[in-house]
> 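Could you have a look at this structure, given as structure tokens, before my questions?
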Amino acid sequence: MMRSSLARQSRFVTRMICSSSSSSSSTCNGSNASKLPTRSLSMLATQHVPDKPSPWSSRHSTPNQTLRFQSSSATTTTTTKRTTVPPTHVPQLWAQAQAVCFDVDCTVTKNDALDDLAGFLGKAKEVEQITHAAMNGQMDLSAALQQRLELMQPTVDDLRRYLQSHPAEQRLVPGIRKLIAELQARNVKVFLISGGFRELILPVADALQIPRNNIYANRFVYMMSDKDKDDDDDDEGEDQSHNDDNKIIRVTGFDPSQATSHQGGKPQVIRQIREQNPLQTVVMVGDGSTDLEAVQESGAADLFIGYGGVVQRPAVQEQADLFVTDYQELVDLLPRYKVAMIGSGAFASSVMQMVATNARNKPLFQTQVSMYVHEEDFEGQALTTTINQRHENPKYLPSVPLGDNVVAHADLKTTVQDADLLIFCAPHQFMHSMCKQIQLTGGVKPTAKAISLTKGIHISPPSAGGGGGPQLMSSMIQRMLNIECSVLMGANLAKEIGPGGLCEATIGSRVQEQGQLFAELFDTDYFHVSSIISDIEGAELAGALKNIVALAAGFVDGSDKHSENAKAVILRQGLSEMRRFAKAMYPNTVRDDTFFEACGVADLIATCYGGRNHWIAQEYAQRHGTTSFEQLERDLLKGQKLQGVLTSFEVQSVLNANHWQHEYTLFSTVNAIVTGKVPPEDIIKFRQLGVTGSLRMDDEESVSPFEENAVATTFQA
């Protein structure tokens with residue numbers, strides 16, 4: 001038996017009626033007006049446009065002055081005389097938009113859906129007359145809306161058939177899908193605010209992947225009534241045995257409680273959106289006068305962009321801050337971040353292949369990526385030349401393609417020039433000198449953002465301005481270059497990242513949006529950014545300190561007394577000392593749960609089984625300490641640097657100066673081994689050595705042979 005007509009209609013209504021929202025409309029009827037002089041992109045191109053602030057910048061920054069009064073009260077509806085935004089500010093406001101609100105009819109879709117529905121029902125002429133009266137100001141918007149619906153009286157079956165015959169994809173204006181995808185890639189919130197009807201807009205929102213909660217539109221009011229003769233003809237052939245088949249559900253009106261059903265509805269909706277979201281810059285895009293209202297009342301939108309790709313209205317062209325007829329014009333104004341990598345070792349090269357792929361494939365980034373390479377000879381020619389010819393780094397990560405969009409430079413100034421995103425991935429003992437060199441050659445863009453992948457800490461000497469002490473790489477970069485610096489830490493062995501092995505990392509960032517931006521830069525189908533946390537200090541110290549524990553694990557594996565049980569003890573004790581040391585240094589910011597992220601226990605495990613520090617320590621133990629770490633580094637790492645020994649000396653200087661040696665017995669025992677005070681096989685005696693006091697060292701004994709400028713100093717938490 002065929003299902004009843006009423007049951008089919010009821011299910012359709014149930015599917016379409018969702019959570020509430022609001023709006024105000026503009027119809028697309030009428031011929032295109034002759035194009036008035038307006039502020040187009042060609043005019044803006046003649047103006048000086050300053051560096052565009054990033055939409056990923058801190059939400060606490062002050063928005064640009066838009067020459068419109070905005071009340072602090074979201075409920076205030078002061079109507080002000082329209083003053084357009086200065087042309088030089090328009091690209092800035094568009095680039096830093098945190099939310100973009102689109103009208104739907106003739107802005108997102110090619111036609112007015114209600115007029116389309118009237119044509120589908122054979123009532124286009126009558127409805128069009130009412131539409132024109134409303135658009136010409138001869139009829140109230142709400143009255144026109146009601147009269148059009150009373151003329152059509154569509155049934156639910158009519159709506160269903162209309163939507164089936166007018167698929168959302170065919171209704172979209174050219175370029176809108178790309179524009180919205182570009183905005184969403186930048187974490188910009190997208191809303192649909194329409195005087196049309198939610199039921200007709202839902203398929204459009206779904207096609208554009210706009211959340212249904214972000215739709216503010218009118219709603220149909222339905223009523224059940226008896227069928228008339230025409231309705232019976234429509235259902236010919238269906239089973240009429242049930243009484244329900246004598247009833248039908250019709251649209252009889254609209255819900256007047258929706259803001260979009262009356263004049264001034266769109267600014268009211270935007271104020272509501274701002275109440276619910278901490279947004280500083282909101283842009284309205286539309287084709288009609290009701291869209292223009294969004295910037296004519298206080299507390300609503302900051303910028304109005306008129307769209308004339310379907311219909312061009314003189315008032316809109318004249319008063320829009322910017323008028324476009326092709327959405328590609330707006331896409332071209334969106335910022336694309338230039339990326340630079342400072343570093344070219346094995347880890348930097350393994351990361352570069354991910355960065356280069358994302359720069360090529362994601363609209364957020366410029367395609368070309370710069371890479372700073374410390375110049376050296378490779379097979380008779382400069383390494384930079386080899387990298388640029390082969391598109392790989394054959395010295396440090398052979399046979400792993402970097403990408404043909406990577407350009408290697410031997411000059412730091414050239415590498416960082418005009419870069420928006422800086423990735424620091426070089427041995428930590430060179431970081432200070434590189435930052436100093438960048439300073440001396442002109443610095444970086446003031447709007448640039450940095451992220452450090454370097455695992456280590458720097459001990460700065462005392463100076464007239466202070467007592468010196470331990471400094472994280474991110475803090476050094478931030479202080480010397482005056483830019484915000486995040487960190488990326490995790491179980492990231494270069495030899496496994498290069499071939500595309502599964503791995504993950506943690507991003508530490510004080511600004512969530514900056515962390516999300518860097519996640520877009522690094523995240524791939526095999527390299528996963530598992531979390532973004534605010535505990536930069538904990539994440540970075542975990543990445544540095546685990547190299548000391550990796551030395552201990554290597555001593556265990558290289559000694560005659562190797563056992564998995566002993567190694568497990570080392571890892572547990574090491575994780576405990578890592579956490580306690582980090583919290584002692586930064587008691588107000590370091591969190592315990594940071595050490596259970598990818599930057600903590602995961603990085604520790606990977607490094608203690610497969611990292612270079614573990615390998616060199618194992619070799620040192622197998623040779624019973626007869627070959628120095630400096631020699632092992634030269635012989636086995638082929639130009640790469642050993643971080644664990646240097647970090648051990650730096651940490652030990654802090655322990656000695658604060659008399660903490662016996663609270664961190666594993667760290668102190670590792671340092672005693674690398675200074676030759678105890679043999680490597682005694683790593684398993686770290687508890688006994690701490691109790692007997694055998695670990696006491698003078699400050700000068702804790703200075704690393706790897707770094708002449710390292711000094712012991714008391715850390716003031």
> Compare all side-chain heavy atoms of His528 with those of Cys503 and state whether any distance is below 4.5 angstrom.
no
> Would you indicate whether the side-chain heavy atoms of Leu279 and Lys189 approach each other to under 4.5 Å?
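Yes, close enough: below the 4.5 Å cut-off.
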> Charged N to carboxylate O below 4.0 Å: is that the case for Arg510 and Glu484?
yes
> Which ring pair (Phe, Tyr, Trp, His ring centres under 6.0 Å) pairs, counting each pair once, include a residue from residues 494-523, with sequence neighbours left out?
none
> Whether the side chain of Lys362 engages the backbone of Glu520 through a donor-acceptor N/O pair (distance < 3.5 Å, no angle test) should be reported.
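Such a contact is found between Lys362 side chain and Glu520 backbone.
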> Taking only residues two or more places apart in sequence or in another chain, which ones pass salt bridge (Lys or Arg N to Asp or Glu O under 4.0 Å) with Glu496?
none
> Side chains of Thr281 and Gln98: donor-acceptor distance under 3.5 Å anywhere?
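Looking only at side-chain atoms, Gln98 and Thr281 do not form any donor-acceptor pair under 3.5 Å.
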> Using a 6.0 Å distance limit plus a 45 degree cone around the ring axis, check whether Lys567 lies over the aromatic ring of Phe555.
no
> State, with a plain yes or no, whether a side-chain heavy atom of Ser668 is found less than 4.5 Å away from one of Leu655.
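Side chain of Ser668 against side chain of Leu655, heavy atoms only: contact under 4.5 Å found.
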> Looking only at atom types and distance, does a side-chain atom of Ser531 sit under 3.5 Å from a main-chain N or O of Ile533, one as donor and one as acceptor?
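It does not hold such a pair.
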> Before you tell me yes or no, could you show the steps for Phe686 and Val569 under side chain to side chain contact (heavy atoms under 4.5 Å, CB included), namely the whole-Å CA-CA distance, both residues' side-chain angles and the distance that decides it to 0.1 Å?
CA-CA 11 Å; Phe686 67 90; Val569 171; 4.1 Å; yes
> With a 4.0 Å cut-off on N to O distance, would you call Asp418 and Lys445 a salt bridge?
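Looking at Lys445 together with Asp418, the answer is no, because their closest N to O distance does not fall below 4.0 Å.
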> Is any side-chain heavy atom of Gln328 closer than 4.5 Å to one of Lys178?
yes
> Could you please spell out the steps behind the side-chain hydrogen bond (donor to acceptor under 3.5 Å, both in side chains) verdict for Gln514 and Ser486?
CA-CA 8 Å; Gln514 181 168 320; Ser486 304; 3.1 Å; yes
> Is the closest side-chain heavy-atom distance between Leu521 and Val339 below 4.5 Å?
yes
> Quick test of your reading of the model: are Lys413 and Asp411 salt-bridged, counting only N-O distances below 4.0 Å?
no
> What do you reckon, is CD of Gln439 surrounded by more than 12 foreign heavy atoms closer than 6.0 Å?
yes
> Begin with the C-alpha distance, continue with both residues' side-chain angles, and end with the deciding distance and a verdict on side-chain hydrogen bond (donor to acceptor under 3.5 Å, both in side chains) for Asn405 and Gln368.
CA-CA 5 Å; Asn405 55 326; Gln368 189 177 98; over 6 Å; no
> So does Arg336 pair up with Asp420, basic N to acidic O under 4.0 Å?
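No.
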> Please determine whether side-chain hydrogen bond (donor to acceptor under 3.5 Å, both in side chains) holds for the pair Glu540 and Ser452, giving the CA-CA distance in whole Å, both sets of side-chain angles, and the decisive distance to 0.1 Å.
CA-CA 9 Å; Glu540 191 168 358; Ser452 172; 4.5 Å; no
> Does Ile483 reach the side chain of Lys449, with side-chain heavy atoms less than 4.5 Å apart?
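No. Closest side-chain heavy atoms not under 4.5 Å.
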> Between Arg591 and Asp535, is the closest basic N to carboxylate O distance under 4.0 Å?
no
> With a 4.5 Å heavy-atom cut-off, do Leu421 and Phe365 have their side chains touching?
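Of all side-chain heavy-atom pairs linking Phe365 with Leu421, at least one is under 4.5 Å.
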> Let me see the working for Ser648 and Asn671 under side-chain hydrogen bond (donor to acceptor under 3.5 Å, both in side chains), right down to the final yes or no.
CA-CA 6 Å; Ser648 171; Asn671 194 254; 2.9 Å; yes
> Which residues pass the ring pair (Phe, Tyr, Trp, His ring centres under 6.0 Å) test with Phe581, not counting sequence neighbours?
Tyr664
> Within the 4.5 Å heavy-atom criterion, are Val651 and Trp660 side-chain neighbours or not?
no
> Using atom types as modelled and distance alone, determine if a side-chain donor or acceptor of Gln184 lies under 3.5 Å from a backbone N or O of Gln209.
yes
